[in-house]
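Written out below as structure tokens is the structure these notes cover.
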Amino acid sequence: MKKIFVSTFLGLCLTTHSASAKTVTDSLVANLSCDNLSVSSILLKVRPTAFSSANHMPIKNWAFSSGGIGLAACWGMSSTQRKLFYLLRLNESKAADFDLTRALDIVRGTSVGMMMMRADSAYPNDNDTQRLNETKLKEYSVIPLRENNIVTEWGRNTGLSFLDRMLKGKTYQIGNQQVYRGLRTEVERSQELHFYRPRNIGMGTGSGPRSAKENADSLKLMMFNMSSNRLPLINLRLNTTTQHIVIPKTFTKDDKGNVWIKAYDSNQPEKDQLIYYAANNGQFYSPQIMGSFVGDYSGTDYTHPLGVYVVDEEERGYIEQTLLKYYKGVCQK
């Protein structure tokens, strides 16, 4: 999780328009009917290219320190990448300047404000202090962009792309504090919020692989999600201290029950990487993603089974409700 690489990026050009009074086509969906809109009907119309590696952030995972613990940003990166897959709208010719603060909130998963603290209620004016306060977002928002991808020039008058401006960030005056926020700070905060949770204790106990029954349950949920364009996040556990979060996208299955899954990996975002499920022993393997942690730099050593956990389904639910609200609004125009 602490490896840092150099990446490349390919642009994707998509047009946005209403195909008719009752259908919508944009950079995420094609020919979405406005009749009987639902989360399922929206996801059914997601373009085959919407989750392409051409839409990956051209940024590699990085390591940072949090509370004396060395973390890598893979969970925050995967969470952010999944949000951008669903929430960015490219080539929106009438798009206004995007709301940087709102976009940073979406990456972070919280809105940032200030809370007044009073150490002594008997003398509030002498002891008032302030500290940053975060409120969890339970609804996101769609981000329309005029550019054709997230790294090209946003507009001739600005010269800064969406990604440039997110990386540049902004210094905010919040209460009596100056707080800098940019893409990397918000990804790191997102990582902290995902990592420091009691529900994660189970992923830190035991060795690497899980039982065949547990893996079969994870595979079933993953295949359902991928088949219905519901991108899951999964944790790949090589051992207790070597774990990594990626986004499974598509899969193929042979007549023996073996499954090959293509996934976004923040260590190698220039192209999708493979995860393999072996039906004969019910174990997952991914030398392409996890091989370097055991000295397999060729990505061909299928002898190190992985424990696989599906995580953050709740967060994906917030994304889906945002999509439903957004397309209902588009259909009413």
Side-chain angles (χ1 to χ4, degrees), residues 1-4 60-83 105-112 134-138 140 184-222 224-226 230-249 261 263-267 273 275 277 282-286 289-290 292-294 304-320:
M1 292 174 64
K2 295 183 179 179
K3 302 192 70 177
I4 301 175
K60 295 287 185 176
N61 182 35
W62 65 89
F64 68 103
S65 178
S66 171
I69 299 176
L71 296 179
C74 64
W75 203 331
M77 286 284 287
S78 292
S79 169
T80 299
Q81 183 63 67
R82 178 168 67 174
K83 291 171 185 174
D105 283 349
I106 291 171
V107 172
R108 190 184 187 98
T110 66
S111 60
V112 183
E134 297 182 63
T135 303
K136 183 176 181 180
L137 295 182
K138 294 189 175 182
Y140 306 121
R184 286 189 171 90
T185 65
E186 305 313 281
V187 166
E188 289 182 0
R189 181 57 180 150
S190 173
Q191 176 74 33
E192 292 171 332
L193 292 170
H194 284 102
F195 181 80
Y196 293 115
R197 296 189 298 193
R199 73 182 73 171
N200 295 337
I201 291 175
M203 294 188 294
T205 59
S207 57
R210 305 175 76 195
S211 71
K213 170 65 168 59
E214 290 170 318
N215 285 338
D217 290 342
S218 291
L219 179 66
K220 182 179 180 181
L221 179 55
M222 290 161 59
F224 169 79
N225 283 347
M226 289 184 286
R230 291 173 166 87
L231 292 178
L233 298 186
I234 61 170
N235 182 37
L236 304 178
R237 185 181 70 181
L238 183 62
N239 54 54
T240 302
T241 60
T242 308
Q243 305 188 26
H244 189 46
I245 304 288
V246 301
I247 307 176
K249 297 184 186 180
I261 299 166
Y264 160 83
D265 171 16
S266 60
N267 282 336
Q273 307 298 327
I275 300 167
Y277 172 81
Q283 293 298 320
F284 289 95
Y285 303 86
S286 185
I289 296 175
M290 304 297 286
S292 61
F293 295 106
V294 293
H304 299 278
L306 305 170
V308 172
Y309 298 81
V310 180
V311 297
D312 279 344
E313 291 290 275
E314 178 188 59
E315 179 182 80
R316 185 174 48 73
Y318 299 153
I319 295 172
E320 292 173 358

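Since this is a predicted model, take the numbers as computed values, not measurements.
With a 4.5 Å cut-off on side-chain heavy atoms, Asn200 and Asn235 do not count as touching. Contact of the Ile289 side chain with the Leu306 side chain is not registered, since no non-hydrogen atoms from C-beta on lie closer than 4.5 Å. Within the 4.5 Å cutoff, side-chain heavy atoms of Val308 are placed close to those of Leu236. Inter-residue side-chain proximity for Phe284 and Asn215 is flagged as met; some heavy-atom pair is nearer than 4.5 Å. In this structure, the side chains of Ile234 and Val310 come closer than 4.5 Å at one or more pairs of heavy atoms.
The backbone N or O of Ile247 sits nowhere less than 3.5 Å from a side-chain atom of Arg82 that would complete a donor-acceptor pair. Proximity of a side-chain donor or acceptor of Asn61 to a complementary backbone N or O of Ser266 within less than 3.5 Å is not detected. At distances below 3.5 Å, not a single donor-acceptor pair connects side-chain atoms of Asn239 with backbone N or O atoms of Gly208. Looking only at distances, no side-chain donor or acceptor of Gln191 sits under 3.5 Å from a matching main-chain atom of Met77.
Cation-pi geometry between Arg210 and Tyr309 is met: under 6.0 angstrom from the ring centre, within 45 degrees of the axis.
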Verdict with supporting geometry, Glu313 and Arg230, salt bridge (Lys or Arg N to Asp or Glu O under 4.0 Å): CA-CA 9 Å; Glu313 291 290 275; Arg230 291 173 166 87; over 6 Å; no

task: Apply side chain to side chain contact (heavy atoms under 4.5 Å, CB included) to Asn267 and His244, showing your working.
output: CA-CA 10 Å; Asn267 282 336; His244 189 46; 3.6 Å; yes

message: side chain to side chain contact (heavy atoms under 4.5 Å, CB included), that's the test. Do Val246 and Ile275 meet it? Break it down for me.
response: CA-CA 10 Å; Val246 301; Ile275 300 167; 4.1 Å; yes

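Of all non-hydrogen atoms in Tyr318 and Lys138, the two that sit nearest each other are CD2-O, 3.3 Å. The nearest pair of heavy atoms linking Arg237 to Gly202 is NH1-O, 3.7 Å.
Residues meeting the salt bridge (Lys or Arg N to Asp or Glu O under 4.0 Å) test with Arg199, sequence neighbours left out: none. In this view, Arg108 and Glu134, Glu186 satisfy the salt bridge (Lys or Arg N to Asp or Glu O under 4.0 Å) rule, not counting sequence neighbours.
Taking the six-membered ring where the residue is Trp, Trp75 and His194 present parallel rings, their angle staying beneath 30° rather than reaching 60°.
To the nearest 0.5 Å, atoms CG (Asp105) and NZ (Lys136) are separated by 14.5 Å. Atom CG in Leu238 sits 10.5 Å away from atom OG in Ser286 (nearest 0.5 Å). Note that the CZ atom of Arg184 and the CH2 atom of Trp62 stand 5.5 Å from one another [nearest 0.5 Å]. Here the OH atom belonging to Tyr196 is positioned 4.5 Å from the CG atom belonging to Leu71, to the nearest 0.5 angstrom. Distance CG/Leu233 to SG/Cys74: 10.0 Å, rounded to 0.5 Å. Taking CG of Asn225 as the start and CG of Leu231 as the end, the distance is 8.5 Å to the nearest 0.5 Å.
A salt bridge links Glu315 and Lys83; the closest N-O separation between the charged side-chain nitrogens and carboxylate oxygens is under 4.0 Å. Looking at Arg316 and Asp312, no side-chain N of the basic residue comes within less than 4.0 Å of a carboxylate O on the acidic one, giving no salt bridge.
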